[in-house]
Structure formats: C-alpha cells, structure tokens
Asks: 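Just dropping this structure here.
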Amino acid sequence: MDYRFLGTSGLKISEITYGNWLTHGSQVESDIATACVRAALDAGITTFDTADVYANGAAEEVLGAALAGERRESLEIFTKVFWPVGPKGPNDTGLSRKHIMEGIDGSLSRLQMDYVDLYQAHRYDHQTPLEETIQAFADVVRSGKALYIGVSEWNAEQLRAGQALAKQAGFSIVSNQPQYSALWRVIEAAVIPASKELGISQIVWSPMAQGVLSGKYLPGQPAPAGSRATDEKGGKNFISRLMEEPVLTAVQKLRPIADELGLKMSQLAIAWVLQNDNVSAALVGASRPEQIAENVKAGGVRIPAEQMAAIDVALGTVVVRDPALTESPAVRVV
C-alpha cells in the first residue's frame with residue numbers, strides 16, 4: 001500500500017481508502033461488513049470513510065464496531081455532515097452551527113471514538129452563511145473532535161470562498177470529495193485547478209463508476225443477479241444512468257487495455273484516477289472481503305501515457321466533462 005499526503009497537510013492516508021456508503025448497514029449484513037473491514041486492514045488500508053447519513057447512522061455504527069480494539073493512532077477515520085439523520089426536523093440538515101455541533105457528537109458516539117481525523121461538509125449549504133459554517137468547523141477542530149476539515153462536491157468558487165474564510169479562522173480545508181472516474185470527469189476543468197491553487201486534494205468516490213468500469217455489465221444483456229444494478233435498496237437508482245448501451249459498449253473497449261497492463265478492469269479504473277496528481281485517495285467499497293484484495297492491487301500502478309491516451313479514445317463521447325455538473329443542492333431538504 002502506498003500513502004499520500006492529504007492536501008498540503010502533514011496527514012498521510014492510504015491511496016486506496018475504504019468507503020462504506022452503499023454497503024454497511026443497508027446492503028450487506030453486519031458480519032460481512034466487519035469481514036470486509038478486517039480484509040481492508042489486512043491489505044494495508046488504514047483510512048476509512050463514512051458519513052452520518054449512510055444507512056441513517058448504521059454505517060458509522062458498523063464501522064466503529066468493526067474497528068474496535070484497533071490502535072486508534074494507526075487509523076485515519078473520515079466522516080461527514082449535511083444530510084438529515086433521524087426524524088428530519090428543520091435543523092436536521094445543512095451546515096448550521098447547530099447541525100454541525102450536534103452532528104459531530106452523534107458521529108463520534110456511533111463510531112465509539114473520541115475524534116475523527118477528517119470531518120467533511122457533505123455538500124455546500126446555500127441557506128446557511130458560509131461564515132457560520134466555517135466558524136463552527138473551526139470550533140470542532142479546536143475542541144479536538146476533528147483534526148482536519150474537508151468538503152465534498154464543492155465547486156471551484158465555493159472552494160475558494162471557503163478556504164479564504166478557513167484561513168481567517170485559523171485552519172485550512174485540506175480535501176474535497178467529488179465523484180471522479182474515467183467516465184465522469186467534471187472536476188477536471190475547474191475544481192482540480194482551483195484545488196491545486198488552494199492546497200486541497202481530492203478523495204474521489206465511485207472510481208469504478210458504480211461498478212460499470214469493472215466490465216461486468218455487458219451491452220444487450222441483463223445485469224448479473226446480485227449486482228448493484230439489480231439492488232432495489234438503492235444501488236439500482238444510482239447506477240441506472242450508466243447502464244445505457246453506448247456506455248456499456250465503450251467500456252468493453254477497455255478490456256484489451258487492461259489485459260495489456262496485466263490488470264483487471266476494476267483495477268484499471270482505480271489506477272486511472274490515481275494517475276491524477278491532485279488525487280490523494282480512491283474510495284472503494286466492498287460487499288465481499290475478496291473484493292478488497294483485488295482492488296488494492298491497483299495501488300502503486302503507473303499507467304503509461306500511451307495506454308492513458310488509448311483509454312480516452314476507447315471511451316470517446318460517453319465521457320461526461322461538463323463542470324457545471326459539480327453542484328450541491330440549492331434547496332435544503334427537510
């Protein structure tokens with residue numbers, strides 16, 4: 001396992017980071033989720049990402065229980081705040097001081113930990129003054145409940161405004177967590193240049209495009225039984241836009257490139273995002289422990305320029321690049 005610095009901070013994280021968005025507490029049983037966490041630790045993964053909203057808090061509980069007994073100082077634990085947890089009252093969503101302060105306490109209780117290494121704004125809040133949000137994060141850091149602050153899916157202008165206020169408040173935003181894959185490149189035009197300017201790096205989610213880049217979904221054929229595309233608990237909704245025939249056909253053109261490099265297509269997808277020098281980590285999940293052992297083999301892989309160009313040619317016009325698609329909801333959901 002290789003490790004990379006998070007932004008311009010001194011914090012090192014595993015470049016393959018374990019995320020439990022669509023699995024823990026919802027799609028897989030707790031014993032399997034725990035086995036996946038143990039497999040991640042055995043593979044050298046030290047960084048684990050979750051959020052309070054995942055399975056309405058259950059994902060944090062499962063992760064905390066799975067890591068119980070591990071040396072806390074040897075782990076980097078990330079969680080997030082924004083979306084509602086609980087009864088969805090008027091103050092249960094967003095980045096108000098009230099929600100942030102109550103959110104961090106709830107997350108720490110569920111994780112059974114005294115602090116998290118990274119506390120992230122899960123989206124940008126258009127209805128709370130940014131000054132209030134940043135001051136609340138500063139107080140969370142001063143209290144010792146979080147060591148670093150990050151954000152998720154903020155656009156370039158939001159990153160610049162947030163970082164300026166953070167510096168005034170005595171801390172820095174060190175990371176952004178956007179969706180990024182060979183099929184979804186909307187951060188490349190504006191977010192990444194701004195992030196480099198501001199000392200922010202990316203922790204990217206869905207590097208395998210919800211599993212589509214693994215190549216298991218074939219054009220003109222039904223999705224494999226038990227796959228995310230057949231999961232009625234939520235996975236099917238997230239992957240539906242990627243299941244169009246032109247996308248699946250283009251993805252199959254990556255198979256000979258992966259074969260040439262001695263990689264599985266899933267490994268190629270993860271290695272691809274890690275070629276970007278502004279990416280600190282690729283988030284990977286798992287519904288089976290053996291998936292972890294397979295995914296970590298993408299770490300440390302360098303894809304030659306010739307193959308990187310061949311990937312662009314293979315995917316062609318199915319790649320989404322519009323920077324306007326980097327956005328947070330304009331209206332708070334309650």
Side-chain angles (χ1 to χ4, degrees), residues 1-7 9-25 28 30-55 57-81 103-122 137 140-141 143-152 171 173-177 201-205 207 270 274 279-286 289 291-293 295-296 298-300:
M1 181 61 61
D2 289 342
Y3 301 85
R4 302 185 181 193
F5 285 104
L6 192 57
S9 78
L11 180 66
K12 293 180 180 179
I13 64 174
S14 52
E15 66 176 7
I16 307 292
T17 290
Y18 187 86
N20 70 349
W21 169 32
L22 283 176
T23 50
H24 293 192
V28 302
S30 292
D31 56 343
I32 298 175
T34 298
C36 290
V37 170
R38 305 310 306 177
L41 291 166
D42 291 343
I45 293 174
T46 60
T47 311
F48 295 84
D49 178 86
T50 187
D52 55 3
V53 72
Y54 296 166
E60 288 181 324
E61 292 175 351
V62 170
L63 181 62
L67 292 172
E70 291 295 314
R71 181 177 182 269
R72 179 64 184 87
E73 294 84 353
S74 299
L75 303 172
E76 303 85 47
I77 307 300
F78 302 168
T79 194
K80 312 179 194 75
V81 61
I104 186 63
D105 288 342
S107 288
L108 293 178
S109 176
R110 289 185 289 270
L111 287 165
Q112 303 176 55
M113 296 177 182
D114 296 326
Y115 69 95
V116 292
D117 297 272
L118 181 71
Y119 198 41
Q120 302 162 94
H122 209 158
F137 279 133
V140 169
V141 171
S143 72
K145 294 178 181 179
L147 304 185
Y148 299 90
I149 298 297
V151 300
S152 177
F171 72 98
I173 295 171
V174 299
S175 64
N176 179 46
Q177 188 173 131
S201 60
Q202 314 301 314
I203 305 163
V204 303
W205 60 273
I270 297 168
L274 291 173
V279 171
S280 288
L283 287 171
V284 300
Q291 291 174 326
I292 296 294
N295 289 337
V296 297

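Residues take their numbers from the sequence shown, with the count starting at 1.
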Asks: With a 4.5 Å cut-off on side-chain heavy atoms, are L11 and S9 touching?
Replies: yes
Asks: Are V37 and N20 close enough that some pair of their side-chain heavy atoms sits under 4.5 Å apart?
Replies: no
Asks: Among side-chain atoms of Q177 and Q120, is any donor-acceptor pair under 3.5 angstrom?
Replies: yes
Asks: With a 4.0 Å cut-off, would you call R72 and D117 a salt bridge?
Replies: yes
Asks: Drop me the distance from R4's CZ to S280's OG, to the nearest 0.5 angstrom.
Replies: 7.5 Å
Asks: If you measure only the distance, is there a donor-acceptor pair under 3.5 Å linking the side chains of S107 and E60?
Replies: yes
Asks: Would T47 and E76 count as having a side-chain donor-acceptor pair, cut-off 3.5 Å?
Replies: yes
Asks: Does a side-chain heavy-atom distance below 4.5 Å link I45 with I292?
Replies: yes
Asks: Tell me, do F78 and S175 make a side-chain contact under 4.5 Å, heavy atoms counted?
Replies: no
Asks: Looking at D105, is its backbone amide N or carbonyl O close enough to the side chain of R110 to form a donor-acceptor pair, meaning the two atoms are under 3.5 Å apart?
Replies: no
Asks: Is any side-chain heavy atom of Y3 closer than 4.5 Å to one of T46?
Replies: yes
Asks: With a 4.5 Å heavy-atom cut-off, do L41 and F48 have their side chains touching?
Replies: yes
Asks: Could you pull out all residues at least two apart from D49 that satisfy salt bridge (charged side-chain N to carboxylate O under 4.0 Å, His left out)?
Replies: K80
Asks: Could you check if a side-chain atom of V116 sits within less than 4.5 angstrom of a side-chain atom of L147, using non-hydrogen atoms only?
Replies: no
